[in-house]
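Small disclaimer: the values here were computed from a predicted structure and weren't measured.
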Amino acid sequence: MRSVTYSMNISLDGFIVGPDGGVDWTTPDEEVFRFATDEVRGAGVHLLGRRLYESMLYWETVDQNPSLGFSTREFAAVWKPLPKVVFSTTLSSVQGNARLASGDLAQEIERLRAQPGDGNIAIGGAILAAEAAALGLIDEYRPRVCPVLLGGGVPFFPQHERRVDLELVETRTFSSKVIHLRYRVPR
């Protein structure tokens, strides 16, 4: 069965977006960018909320810029063909290799888990991931902790009224002092 993974850059105090809406503190160096590209390469499908989907539209055309570095072109080459499912009540259409979700989150994940295929089911967007976490649907949390305190913003970890014990699977410290943590939800 395919695993559902939630991976994003976070501040040390647990936020994915600062109080001003900024994410400039998440700009990865080459080493972290390659790691994130490899993570996306391991996905078979990516579930996105509307805001993250709109942010990631950048990658649909960025490869048309001839002055881009190899890593940027490589990420675009991995991201563009990746199947995406977008959860939105306001969008009527999506671009690229994406489709609007036809069911609720639990139904979509159940359907995707049942389909044959390689790669995990990646999930992104704080609101969508919080819903999946509250439903007990996330199998792995993969934060990349950046050495910054934001003091507020959009939290990586959902706020719900239940305890979730985690099992540490992997850690990695990058030269930029970003730390990758990989936790599995024991089942």
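- Here the side chain of Glu60 pairs no donor or acceptor atom with the backbone of Lys80 at under 3.5 angstrom.
- No more than 12 heavy-atom neighbours from other residues, nucleotides or ligands sit within 6.0 angstrom of CG on Asp118.
- Contact record, Ala76 with Pro81: O-CD, 4.2 Å, taken as the closest heavy-atom pair.
- No donor-acceptor distance shorter than 3.5 angstrom exists from the side chain of Lys84 to the backbone of His46, with no hydrogens or angles considered.
- Rounding to the nearest 0.5 angstrom, the gap separating the CG atom in Leu105 from the CD1 atom in Ile127 is 12.5 Å.
- Side-chain contact check for Tyr53 versus Leu91: some heavy-atom pair is nearer than 4.5 Å.
- Asp13 places no side-chain N or O within 3.5 Å of a backbone atom of Leu149 that could act as its donor or acceptor partner.
- Between atom CG of residue Leu47 and atom OG1 of residue Thr5 there is a gap of 9.0 Å, rounded to the nearest 0.5 Å.
- Atom CD of Glu170 sits about 10.0 Å away from atom CZ of Arg184, to the nearest 0.5 Å.
- Shortest non-hydrogen contact noted between Ala132 and Ile123 is CB-CD1, 3.6 Å.
- Contact of the Val164 side chain with the Leu166 side chain is registered, since non-hydrogen atoms from C-beta on lie closer than 4.5 Å.
- Placement of Phe15 and Ile10 in two distinct hydrophobic clusters is found when ILVMFWY residues are connected by side-chain heavy-atom separations under 4.5 Å, directly or transitively.
- The distance from the CG atom of Leu181 to the CZ atom of Arg172 is 13.0 Å, given to the nearest 0.5 Å.
- Minimum heavy-atom separation, Glu108 to Gly103: OE2-N, 3.1 Å.
- One finds the CG atom of Leu135 at 8.0 Å from the CG atom of Asp104 (value rounded to the nearest 0.5 Å).
- Judged by distance alone, with hydrogens and angles left aside, the side-chain atoms of Arg182 form no donor-acceptor pair with the main-chain N or O of Arg142 at under 3.5 Å.
- Between Glu74 and Arg41, the closest side-chain pair of non-hydrogen atoms falls below 4.5 Å.
- The side-chain heavy atoms of Phe87 and Glu131, taken from C-beta on, include no pair separated by under 4.5 Å.
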Can Asn120 and Glu140 be said to form a side chain to side chain contact (heavy atoms under 4.5 Å, CB included), step by step?
CA-CA 10 Å; Asn120 57 50; Glu140 287 189 10; over 6 Å; no
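- Residues Leu52 and Leu112 are members of separate hydrophobic clusters, defined by side-chain heavy-atom contacts under 4.5 angstrom among Ile, Leu, Val, Met, Phe, Trp and Tyr.
- One hydrophobic cluster, built from ILVMFWY side chains closer than 4.5 Å, cannot hold both Val145 and Phe35; they sit in different ones.
- Between the side chain of Arg2 and the backbone N or O of Gly119 there is at least one donor-acceptor pair closer than 3.5 Å.
- Looking at heavy atoms from C-beta onward, Trp25 lies in side-chain contact with Cys146 at the 4.5 angstrom threshold.
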Residues Val154, Arg51; criterion side chain to side chain contact (heavy atoms under 4.5 Å, CB included); working and verdict:
CA-CA 12 Å; Val154 178; Arg51 284 185 219 141; 5.9 Å; no
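- A heavy-atom distance below 4.5 Å is not found between the side chains of Arg187 and Met1.
- In this structure, OH on Tyr141 lies 8.0 Å from CZ on Phe156, to the nearest 0.5 angstrom.
- The shortest distance between side-chain heavy atoms of Trp79 and Thr37 does not fall below 4.5 Å.
- Under the 4.5 Å side-chain contact rule for hydrophobic residues, Val94 and Trp59 share a cluster.
- For the residue pair Ile109 and Leu137, the shortest heavy atom distance occurs at CD1-CD1, 3.8 Å.
- The two residues Leu150 and Gly18 have their closest heavy-atom pair at CD1-CA, 3.8 Å.
- The cluster map of Ile, Leu, Val, Met, Phe, Trp and Tyr, joined by side-chain heavy atoms under 4.5 Å apart, puts Phe157 and Tyr6 in the same cluster.
- Closest approach of Pro155 and Ala126 over heavy atoms only: O-CB, 3.9 Å.
- Taking 4.5 Å as the limit, some side-chain heavy atom of Pro147 sits within range of a side-chain heavy atom of Val178.
- Side-chain atoms of Glu31 come within 3.5 Å of backbone atoms of Ser175 as a donor-acceptor pair (strictly under, hydrogens ignored).
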